[in-house]
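Worth knowing before you read on, the calculation uses all heavy atoms, side chains too, and leaves out hydrogens, waters and symmetry mates.
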Amino acid sequence: MPDSPSSLSHAQGFVSLVGAGPGDPDLLTVKAVKRIRTADVIVYDRLVSQDILDLASPTAEMVYVGKKLDHHFVPQPKINQILVDQAQLGKHVVRLKGGDPFIFGRGGEELQSLVAESIAFEVVPGITAAVGCTAYAGIPLTHRDHAQSVQFITGHLKQHGEDIDWPSLAQSNHTLVFYMGLKQCPQIQANLVVNGLAESTPCAIIEKGATPQQRVLTGPLAELAQLAGQAQSPSLIVVGSVTELHQELAWYKPE
Ligand code: SAH
């Protein structure tokens, strides 16, 4: 795939799977901006901000396929079909997703449906929420005094959480970042404590991170579920002593 937008092959159709980052449009990559500006069609999710959509050409067709937890407005097979249909019309399609398309974004599944139809594509990575929101909250994911590893986990758990290896998560010197975890905080809290993580372990919930509405709630693991009751989606749950550094390192002051 040549880098110049003007050399995109319109004759055959092409899909750019683009990560939009966590919110602040200035966190888009240069490549993402180029692709959004020149796309014929933009197929976008709920988490993509209006400021980012405003970068599109006035002639671009904007297709909203937003999803909310528990009710998928547009089923995944239908989204896959929209991408295929638009590309087969010879269009340059930008599939725009919040954060990074390969982190809990089903980007891989969408690409597989393109491969099945021999449609050419590229992937433009984005700043995933775990990286962008913690940066804007002044929470380093690793720190020599706090955590030597970090793990990204989906909070969209199966009913009894049997799909998660809780004993391996319940460790000090480790940072846990749960996506889509707000509703599951009671189970997250209970499973971590049962498996030996101290109830005093510091936690943070970052609501609408890297946006002017950002809020950071902090408290011990024993109060995680209670904190979650005060937060709205989208929120990221961070568990680990690095979250203590928020008090010292918070720098982003939304207007
Ligand atoms: N592909 C995305 C994640 C999609 S899953 C990425 O890489 O970031 C959606 C979840 O991401 C939300 O439930 C929330 O946990 C998290 N998230 C995305 N943007 C966020 C934001 N601005 N603030 C807080 N959490 C966010």
Extract all donor-acceptor atom pairs below 3.5 Å that involve side chains of residues 170-181 and protein atoms in other chains or at least two apart in sequence.
from: Q171; atom 1: NE2; to: S168; atom 2: O; distance (Å): 2.6
from: H174; atom 1: ND1; to: S149; atom 2: OG; distance (Å): 2.5
from: H174; atom 1: NE2; to: Q151; atom 2: OE1; distance (Å): 2.8
from: T175; atom 1: OG1; to: L141; atom 2: O; distance (Å): 2.7
from: Y179; atom 1: OH; to: T128; atom 2: OG1; distance (Å): 2.5
from: Y179; atom 1: OH; to: A130; atom 2: N; distance (Å): 3.0

Discussion item. Looking at A137, is its backbone amide N or carbonyl O close enough to the side chain of H246 to form a donor-acceptor pair, meaning the two atoms are under 3.5 Å apart?
Written reply: yes
Worksheet item: Which value, rounded to the nearest 0.5 Å, describes the distance between K31 atom NZ and E122 atom CD?
Response: 5.0 Å
Worksheet entry | Nearest non-hydrogen partners of G98 and V48, listed with the distance | N-CG2, 3.9 Å
Discussion item. Give me the atom names and distance for the closest heavy-atom approach of A39 to A60.
Written reply: O-CB, 3.6 Å
Worksheet item: How long is the gap from OG on S235 to CG on L227, to the nearest 0.5 Å?
Response: 10.5 Å
Worksheet item: Quick one: are the ring centres of Y64 and Y44 less than 6.0 Å apart?
Response: yes
Worksheet item: About how many Å separate CD1 of I79 and CZ of R106, when rounded to the nearest 0.5 Å?
Response: 8.0 Å
Practice prompt. Look up atom CG in D165 and atom CD1 in I153, then write down how far apart they are to the nearest 0.5 Å.
Written response: 10.5 Å
Worksheet item: Just one of Q214, Q230, R215 clears the side chain to side chain donor-acceptor pair (under 3.5 Å) bar with E207, so which one?
Response: R215
Discussion item. Quick check on the hydrophobic clustering: are I127 and Y252 connected, directly or via other members, by side-chain heavy-atom contacts under 4.5 Å?
Written reply: yes
Worksheet item: Could you state the interatomic distance from CG (L236) to OG1 (T134), rounded to the nearest 0.5 Å?
Response: 7.5 Å
Discussion item. If only side-chain N and O atoms count, and only distance matters, is there a donor-acceptor pair under 3.5 Å linking D85 with Q81?
Written reply: yes
Worksheet item: Does any non-hydrogen side-chain atom of H146 lie less than 4.5 Å from one of P202?
Response: no
Worksheet item: What pair of heavy atoms forms the shortest contact from K208 to S233, and how long is it?
Response: NZ-O, 3.9 Å
Item to complete: Would you confirm whether Q86, through its side chain, and V93, through its main-chain N or O, come within 3.5 Å as a donor-acceptor pair?
Response: no
Fill in: Minimal non-hydrogen separation, L27 against A210, with atom names
CD1-CB, 4.2 Å
Worksheet item: If you measure from CG on L83 to NZ on K91, what distance do you get to the nearest 0.5 Å?
Response: 13.0 Å
Worksheet item: What about L245 and I205, same hydrophobic cluster or not, with Ile/Leu/Val/Met/Phe/Trp/Tyr joined at side-chain heavy-atom distances under 4.5 Å?
Response: no
Worksheet item: Does a side-chain heavy-atom distance below 4.5 Å link V239 with T201?
Response: yes
Discussion item. Looking at every non-hydrogen atom in both residues, tell me the closest pair between C203 and P220 and how far apart they are.
Written reply: SG-C, 4.2 Å
Worksheet item: Less than 4.5 Å apart, any side-chain heavy atom of P101 and any of V123?
Response: yes
Worksheet entry | Exercise: identify the closest heavy-atom pair between N195 and P167 | OD1-CG, 3.3 Å
Which atom pairs, one a donor and one an acceptor, fall under 3.5 Å between side chains of residues 112-120 and the rest of the protein, sequence neighbours left out?
from: S113; atom 1: OG; to: E110; atom 2: O; distance (Å): 2.7

Discussion item. Would you say V216 ends up clustered with L249 if hydrophobic residues are merged whenever their side chains have heavy atoms under 4.5 Å apart, either directly or through other cluster members?
Written reply: no
Discussion item. Measuring only between side-chain heavy atoms, which start at C-beta, is I237 closer than 4.5 Å to C185?
Written reply: yes
Fill in: Option among L17, I52, D45 that satisfies the side chain to side chain contact (heavy atoms under 4.5 Å, CB included) test with L96
I52
Discussion item. Has S16 got a side-chain atom pairing as donor or acceptor with V18's backbone, closer than 3.5 angstrom?
Written reply: no
Discussion item. Taking L221 as the starting point, is it possible to reach I164 by hopping between hydrophobic residues whose side chains are less than 4.5 Å apart?
Written reply: yes
Worksheet item: Any donor-acceptor pair under 3.5 Å linking the side chain of W251 with the backbone of A135?
Response: yes
Worksheet item: Judged by atom type as modelled, is there a donor-acceptor pair below 3.5 Å linking the side chain of Q189 to the main-chain atoms of A222?
Response: yes
Practice prompt. For the pair F102 and L111, evaluate side-chain contact (heavy atoms from CB on, under 4.5 Å) and give the outcome as yes or no after the intermediate values.
Written response: CA-CA 10 Å; F102 280 177; L111 295 186; 3.6 Å; yes
Discussion item. Can you confirm whether E199 is buried at CD, in the sense that more than 12 heavy atoms of other residues, nucleotides or ligands lie under 6.0 Å from that atom?
Written reply: no
Worksheet entry | Atom CD of Q148: over 12 foreign heavy atoms under 6.0 Å | yes
Fill in: Note, W166 side chain near V193 side chain (heavy atom, < 4.5 Å)
no
Worksheet entry | Contact check, side chains of L89 and D40, non-hydrogen atoms, under 4.5 Å | no
Practice prompt. Using a 4.5 Å cut-off on heavy atoms from C-beta on, say whether the side chain of I36 contacts that of L28.
Written response: yes
Worksheet item: Are V131 and L47 in one and the same hydrophobic cluster, where Ile, Leu, Val, Met, Phe, Trp and Tyr link if side-chain heavy atoms are under 4.5 Å apart?
Response: no
